[in-house]
Structure formats: structure tokens, C-alpha cells
Colleague: 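Below you will find the structure I want to go over with you.
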Protein chains: 2
Amino acid sequence: MSEPRGRSTQRHATATDVARLAGVSQSAVSRAFTPGASIARETRARVEDAARALGYRPNAIARSLTTRRSRIIGVAAAYLQNHFYPDVLEALSKGLQARGYHLLLFTPDAARDADPLLQEVLAWQVDALILASTTLSSALAGQCRAAGIPVLLFNRTSRHADVSSVTGENLRGGRLIAEFLVAGGHKRLAFIAGIENSSTSRDREAGFTGWLAEHGHAPPLREVGLYDFEAASAAARRLLARSDRPDAIFVANDHMATAVSEVARHEFGLRIPRDLSLVGFDDTGPARWPSFSLTSFAQPLHPMVDAAVAMVCEMIEDPAAPTRHQVVPGELVVRGSARIPPEGCVSRGDALVWRPVQETVV
Amino acid sequence: MSEPRGRSTQRHATATDVARLAGVSQSAVSRAFTPGASIARETRARVEDAARALGYRPNAIARSLTTRRSRIIGVAAAYLQNHFYPDVLEALSKGLQARGYHLLLFTPDAARDADPLLQEVLAWQVDALILASTTLSSALAGQCRAAGIPVLLFNRTSRHADVSSVTGENLRGGRLIAEFLVAGGHKRLAFIAGIENSSTSRDREAGFTGWLAEHGHAPPLREVGLYDFEAASAAARRLLARSDRPDAIFVANDHMATAVSEVARHEFGLRIPRDLSLVGFDDTGPARWPSFSLTSFAQPLHPMVDAAVAMVCEMIEDPAAPTRHQVVPGELVVRGSARIPPEGCVSRGDALVWRPVQETVV
DNA sequence: GCGGGATTTGCATGCGCATGCAAGCCTTCC
DNA sequence: GGAAGGCTTGCATGCGCATGCAAATCCCGC
């Protein structure tokens, strides 16, 4: 190879080495690598040559120490089994990479408390924290605020603390789904919740049951699926084994909805949507495949991620900015997993969506 | 809240602040947070009290600067749509978190060159680099070696450079699948490749076609699916539209195999496995769901990740260690997507696996 | 009661870089 | 020709922590 050096840890070249070779001061080297710094064109070229010759790259750690900005953003993501989150992660990573940030990933155990892990991430002086599928303890929120670290909840909100968030239209989605299922003539509705104390599940449920109550319908049956494939399967079994089996189930996300679909068809021999209507939430991954063809309220990935990236960057610029709760609009994408009401669906682009007559803004 | 401080960037407490409050030197504070350092029990307690009072946490960036170990591991992962990788990512993250490392994630564009991004990650003085779905340019491999940074390829190997790797049994898997399909009486085989220059796809194909050739069978039809859902769908359409439609397809991974399954059943109205047998690779995610019930060569996630974690840690300990190519054994899990040969399958645990009579070790 | 070893502590320094400041240089204009 | 002003440059310093070394303290046995 072209690297005939000694066997192991070759000391990395430092700015001082480059300076020596280029015949300039270390400051000049620093300036050569700092966009906008005051340096003559010719000097910069000389430094760049020397840097290339030595294979020099500025040490991001040392730089962070002096600039006090790490350009690292801590991201917590759990439930990567749910296809929504890998997509989010990839989009977030690309969006932030494009702006010169990198992601320090951590994956809290669903079971265990995330706080100790978060602490480790804070030790890295992250410029911001994005929590994609974890709730934030109010203690930690306080710490972050005290330390001036912006925190953004993605697809979650927190009632404890005053923390910014980006979410889809959970409440409205739940309402629309109720309306849609009732319009489809279903009589025995059921809801499968995600994790009880997650804001997404609560809001979706609140929208769903709220609309039903307001319109004089019986409250739906209810089971808990914990946003987990197996748990959702079990929840489906309980529901479908009942003598008063529901004729429509709203499942709090698509990941669980696929599980329910599998159980309904392959264990109970039901036909969808003839025997059972199914509606999910997220409109992501396998839900779109023909095998599932899931009717689902869409959480538009890229708008949500773009919003998150923009908000995080703003918050880093101005840590004193007020908290914001951005809600990214979505729509109920109608496919084949639920009976389609005789009217009320309109085609938008290549998809069919549920278009309520007139809804009150929530 | 309990943090009545001023509005924004509260300067973080430093070791010196803690030292002052605790009435000791800054070194003592440092030692209190360094496991194994020489410090009296009582002093440590005093420091810890002061630290707690000030909300002090050692600054990981400053620590890294002096220790020259960042305890950060760069991880490149693309193709997160393929369910295998989120699972890998989560397991890797947990495994390394448990050992005190954190992951700096970066997501190279499949299209674009990963090198510039890798450079940025190297600037972070990562202790090691794990490439989960990206190939490494030999230039970069040289740089890493020169810098003494261990590199581990996960589910890839590289012919260019002498870089350690962890993979499944790609070659053997391909051979077993050939044998399995032939034993099932199939006559017109096809292979759908992933990305042409990825070692996984090449090895799987080499095993497949190698076995066929050795046993006097015609070479399979061949299409390319680029490890992409849409591209694999298109490849399937091309294959299935032929007048000499294949009666069995080996698809280079499960992600693509689900696409093929969808196309075959929902666009061509084929019944699986009666009209078409399908075998995938990875044994992950939706492949196991009843809707797909994919026969697939398993790449055991946790053994692979555990091996990767162990290898990375070793390499960090001893950068001069020789490169290793660890191959984690798997097995062909037999489900319903391919015709089952009259004999040769044995049940292992709750699964059925293909048990070749006697194979030569490859 | 005292010396010697073990333990604990503080001092000083450096990790690699960014940056305020002042000195140096060149251009320009009267 | 000289001075003012703009552009570059180097010097010195500090970011927050770890650590070698020497000083200080403690404990123990004789």
C-alpha cells in the first residue's frame, strides 16, 4: 500500500505539524480550516498542501473544546422494530449531516429508565437532544434547560415539562378514523393502544373516543399492544376471540396493525375487510404493501423530519426561543384494509384519502 | 421548576468549580471520577457531594482530548429500509453502550461516495469504525490503518484491503439453497442479486451457482435487485413475465424477497409455493410473518452482533492484532414459501431447517 | 517513639485547537 | 512622499480534564 509507516498507532498530524511544514504559525493553520477566517489566499493554499501531505484533519474534539459547540446532536431512538423509526433516523441523520451535525445515537431500553443514558450523552456536550421514541423525565428536562441544551421531542409530547415537539395530527387522526369507520357502517369498534403513557397513543385514543362520544356512539372495546408486535398479536387474539367480536379495529400504529392483520387472517381465518376492518396510524413500511394494504393515517415522514431539523437548528441558534409544538398535517390514506364508506373519499394524487365533510379544527 | 437560574446558557460547572466547593484540588475531582484512581474514600465522598450540588458531570470532550480515547465508535449504516439493519443497529448500540461506548451514526447515501462523510467521522477521533452496509474504499482503509483506527466490516467483506469482518455464511448459504431447491424438484431456477459489488451478494450468488455447476445443473436466470424494494419488484416482474418463467427464485435478501413475494402473488396471481418457490436470506423481520412465511437462510443477529462487539473491543485494546474474518454459522430455516423436499428437513427447536446430507466445508 | 513504606494529595503541564490583540505589511490617496 | 486604513500574521492564552511527579500524610511494627 501507499502507507509504509510503522505497524500501529501512527500519531495523527496536528495543526502544529502542518504549520511547521508550511512555514506558518499554528494559528494560520487553524484559520485555513475555519471558513470566513482572515487568511491570504496564498497562505491558505500553502497550508492546504502541507495538510494534504501529512494527511491532516482538524481534530473535532479539540475544536469542540474551544468553540464550545460540539456539532453533535444526541438522538434517542427505541422501538426500531417499528419501521417508522429507522426511516426517521435515516432522514434525521441525512438532514443533520447536511447541516454539519452528527448524531450520537443511543437506544434506551424500553423497560429501563433512560435517564442514566441521557446523562452520558449530556456529558458529550451535545448541542441538542432529540428524543424520538422516549419520554423525558421532568428531572432531565430541568437539567437540560439549566444547561441550555435544546430538547426536541419527536412524535411525542410531554405534559410534565415545557419542551418543544414535532408530532403528527394524533388527535385529529383519531377523530377522522372514528368518523371514517362509523361512515363505513361498523357497529362494534375496538381500539388497540400503544404504550399507555405515551402521548401519541393517548392522543390518538382521545381523538377516537372523543369523536365517538360526541356523536353518541358506544365507547370502543380496548386492549393494549404496547407498540410491540407480540403484545399486539396477543391483544388481537383477545379481541377476536370474543363472542361480540369487533367489526373494526383502530390500531394505534401500523407496526401493531400488521400484527393484528396477521392474527386475524392466519389465526382466525377472517377476511379483511369483509369480516374485519383495520385502520392503522403512520402509513409506513409494510402497511403499504399489497398484502396488508392498510388504511392508515399518514404521518408524513419528510415534513416531520424537516420540521424537526429546522426547529433544532433554530433552537441551537437561539436557546432562549420559546418552546413550540409543531403539528405536521397528515391525512387518512384509504386502502383496502377497511370497508370504504359509500361517499367521503376523494383521490389525491395516486392515493385515495378520506375527506370529512367539515371538521372542526382541534 | 426547581431551576430558577437566568434565562439561557447556564455555564456548566467544571471540575475546578467542584474542587473549590469541596475544598480540594481539581486533580482530586478528576480522580474521584476516574475508576481505579488513587483517592481516599472520604475525599471521594466530599467531591461527589459537591458535584451533586453543582450538577457537575465530567466533560467527555475534554476527557477525550487528554486521554486520547474518545469511547466513540463510528457506525455507518445505510439501507435502513432493510429490516435487518435497524435490528443490527439497535443491538450494536446496546452492546457497545453496555461497554461504555457510544455510536456516532452516519448514513452514507447509497448513491454517493461515503468517503467524505467517513472523513468527518475520523475527525472525531473515533476509537473504531464499524461499517454495516457500506463498502470501504481502499484509500480510506489505508488512512484508517495509518491512523491506527480499527475498522470492522459488518455483513460485508472487502477484497481491496485487509480489513476484519463479521459475516454470515454467505457462500455456504448459497450452496445449501441450491441444494434445497434442486431437492425440491425445481427445474428453472433464478437468482436476484443485491448490489453487484457487495460481497454478500457476490458470495451468496457464488455459492448458489457454484453448487449448481458442480452438480451439472444449468445456471440460473439472473436479475439485479440492488437490495431495494422497488428495484427488486421490477426484477421480479421481468422474471415472472418471461415465457420460461422460473419455478424457483433465490433472492439475495429477505427485504427483496418480500417484494418479490408481493409482486408474484398480487400482480401475477401466482400461488406460493405451488406456482413459485421463494427463498430469501437473513431470516429477519416480515419474512417470518405468516403472510410471507419465507424460507430463508438465517444470519443470526445476536451472535453476529456479539462477535462484532467483541472484535471491536479487542481491536481497540490491541490495534496491532491481525485482521480476522469471522463467519457466524447460520442455517436454512424452512417455512412455507418454497416447496419442501420429501426428505432432508429436520426440526430444530420450534423451526424446521434444511439438513444437508454431508457437505464439504467451504 | 521513630523510621519506612503505603497511601493520598496538589502542582504543573499538556492534549489540539480557536481567537483577541497587537504588530507587520501593503495599498491607496492626497 | 507620507499617512491612513485594510488586510494578514503571529503571539499568547485558555477550553476542561488527566496524569507524572514530588510533597505530605498516615499507618504500622519494632
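A, B, ... follow the sequence lines: proteins, then strands. Residue 1 opens every chain. Values below: every heavy atom of this structure, side chains too, minus hydrogens, waters and symmetry copies.
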Colleague: Measure the spacing between NE2 of A/His325 and CG of A/Asp162 and express it to the nearest 0.5 Å.
Modeller: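 Reported value, rounded in 0.5 Å steps: 6.0 Å.
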
Colleague: Between A/Arg31 (CZ) and C/dG20 (C1'), how many Å, whole number?
Modeller: 10 Å

Colleague: Measure from CZ on A/Arg63 to P on C/dC15 and round the result to the nearest Å.
Modeller: 19 Å

Colleague: Out of the candidates B/Val121, B/Leu104, B/Asp127, only one should pair with B/Ile72 under the side chain to side chain contact (heavy atoms under 4.5 Å, CB included) rule; please name it.
Modeller: B/Leu104

Colleague: Quick one: does B/Ser27 reach the base of C/dC11 with a side-chain donor-acceptor pair under 3.5 Å?
Modeller: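 Yes, a donor-acceptor pair under 3.5 Å.
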
Colleague: Please report, rounded to the nearest Å, how far the P atom of C/dA6 is from the CZ atom of B/Arg41.
Modeller: 20 Å

Colleague: Closer than 4.0 Å, any side-chain N/O of A/Arg68 to the OP1 or OP2 of D/dC15?
Modeller: no

Colleague: Hey, can you tell me if A/Tyr79 and A/Tyr85 have their rings parallel, tilted or perpendicular (30° and 60° cut-offs)?
Modeller: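 Correct class here is tilted.
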
Colleague: Which nucleotide in the list D/dC15, D/dT9, D/dG16 gets nearest to the side chain of A/Ser38?
Modeller: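 The nucleotide sitting nearest to the side chain is D/dT9.
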
Colleague: CG of B/Asn59 versus C1' of D/dG16: gap in Å, rounded?
Modeller: 6 Å

Colleague: Taking atom P of C/dC17 as reference, at what distance in whole Å does atom CG of A/Leu65 sit?
Modeller: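 Rounding to the nearest Å, CG of A/Leu65 and P of C/dC17 are 12 Å apart.
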
Colleague: Quick one: does A/Arg57's side chain have a donor or acceptor within less than 3.5 Å of a partner on B/Ala123's backbone?
Modeller: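 Absent.
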
Colleague: Ignoring backbone atoms, establish whether B/Ser25 has a side-chain N or O less than 4.0 Å from OP1 or OP2 of C/dG10.
Modeller: yes

